[in-house]
Amino acid sequence: MKAHYGYTDGSGSYYIILDTDRCNGCGKCVEACPQGVFGLVDDEFEEDVRVATVQDEHRRKLKYSCSSCKPTHGAPPLPCVVACEPAAIAHAW
Amino acid sequence: MAQEYWRWEEGKWISPEVDWRNGRNIAAGIDVGSVSSQGVIVVDGELYAFSSIRTGSDSPEAARRALERAMEDTGLTMEGIGYIVGTGYGRVNIPFAAKAITEIACHARGANYIYGPTVRTLLDMGGQDCKAIRCDERGKVTAFLMNDKCAAGTGRGMEVMADLLAVPIGDVGPRSLDVEAEPDPVSSTCVVFAKSEAMGLMRKGWNVNLVLAAYCSAMAHRVVTLLERMGIEEAFAITGGIAKNVGVVRRIEQGIGVTGLKPRVDPQIAGALGAALFADALLQRAAKAA
């Protein structure tokens, strides 16, 4: 399942796209993110499977939560994307 | 007391055909949203009763009220319910729920019941967020996009407009369609801008129906953008309170070129109904394990 967490406001669209079919529940994104954007939750459809999610408190302010890793230009590779071996994480902006 | 235009009617329904006394598995789902809360009871997987109420400021209390309202006049008590699942914004704060499941999963499952197994694309227009959900024939989610921040595509935005224009919220939809020609939409970026623009139109002498049309059009435009981002696979359906606003629904259908399925019960209960169906499955699983 492709989960788009985030929002669109007057300044743009800010979504983190988590592909739970690719996610293996390793939790490396949870550790890699300096702002604690990610968490692990039970997958609602597969029994006893854990998947990554964007924590509730960050969903309305992703632009700000991610800004320490995403300056306006010249951004280095994002720690969460680098940490994710199955390449399950993408940013819409 | 001054009339409260934004106050939509709270709901309650009991099935004339189902009786919990004849059933084996009684399960319930509670959807505590930021604006409204619903309680749904299913008996052996069939919809039995539901309630829809305003959440107010105390969400654990709203959960209890929603369930009690659903049980009213049925003779059922909480002790008689085998499993309760909570969902929605307030789901982590429902002390009597055995489990919390996200509203995405619950909406898809509930919509699968309300609209049938052909539904593949769902638009949930809730009180303070809106979501586009893609699902399969079992109501399992394959993709979703949630706009978690703005009031512009949501029930709260509609309440603001109804209040501003002094139109009872249930009348907004039909009145917005009672116009000679479709006006340009107001700002769809932000409900605060939309509100200022609406006030400007009123000062210019626009009649109220026309301003309602401009707002419903803006709201529809905003969610059409969300849907197009997800891609639309038929059949398409809308859940949430705004599904009952014919002015917004009609304009969304025109915007995407697809007609939505007609619901067989109140589409505002989709989240709580999905939660109740998850509860039913968990109850059956627990019974097998025992």
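Naming: A, B, ... by sequence-line order, numbering from 1 per chain.
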Can you tell which part of I104(B) gets under 4.5 Å to a heavy atom of chain A, answering side chain, backbone, both or neither? neither
Flag side-chain contact, heavy atom, 4.5 Å: V258(B) against E253(B): no
Quick check, are the ring centers of F144(B) and Y5(A) under 6.0 angstrom apart? yes
How far apart are the C-alpha atoms of T55(B) and S37(B), what are their side-chain angles, what is the distance that settles it, and do they pass the side chain to side chain donor-acceptor pair (under 3.5 Å) test? CA-CA 5 Å; T55(B) 301; S37(B) 294; 2.8 Å; yes
Segment of F193(B) engaging chain A (4.5 angstrom heavy-atom cut-off): neither
What part of T102(B) is in contact with chain A, defined as an atom under 4.5 angstrom from a non-hydrogen atom: side chain, backbone, both or neither? both
Among residues two or more places apart or on two chains, list those pairs meeting salt bridge (Lys or Arg N to Asp or Glu O under 4.0 Å) that have a residue in residues 104-131 of chain B. D124(B)-K131(B), D129(B)-K131(B)
So, the part of R285(B) with a heavy atom under 4.5 Å from chain A: the answer is side chain
Please classify the contact between R229(B) and chain A as side chain, backbone, both or neither, with a heavy-atom cut-off of under 4.5 Å. side chain
Can you confirm whether R91(B) sits close enough to D31(B) that some side-chain heavy atom of one is under 4.5 Å from a side-chain heavy atom of the other? no
For atom NZ of K2(A), is the number of surrounding heavy atoms from other residues, nucleotides or ligands below 6.0 Å larger than 12? no
Are there residues of residues 12-29 of chain A that reach to under 4.5 Å of chain B by heavy atoms, and which ones? S13(A), Y15(A)
All side chain to side chain contact (heavy atoms under 4.5 Å, CB included) counterparts of E159(B), not counting sequence neighbours: W6(B), W8(B), V35(B), R54(B), R156(B), I169(B)
Between Q38(B) (side chain only) and A272(B) (backbone N and O only), is there a donor and an acceptor less than 3.5 Å apart? no
I30(B) side chain reached by F96(B) side chain, heavy atoms, under 4.5 Å: yes
Dump the intermediate steps for side chain to side chain donor-acceptor pair (under 3.5 Å) on S68(A) and Q35(A), then the final yes or no. CA-CA 9 Å; S68(A) 59; Q35(A) 304 297 326; 3.2 Å; yes
Walk me through it: do S11(A) and K63(A) pass the test side chain to side chain donor-acceptor pair (under 3.5 Å)? CA-CA 10 Å; S11(A) 76; K63(A) 177 181 173 181; 3.0 Å; yes
For Y89(B), does the OH atom have more than 12 heavy-atom neighbours from other residues, nucleotides or ligands under 6.0 Å away? no
Chain B contact residues among residues 49-59 of chain A, heavy-atom distance under 4.5 Å: D56(A), R59(A)
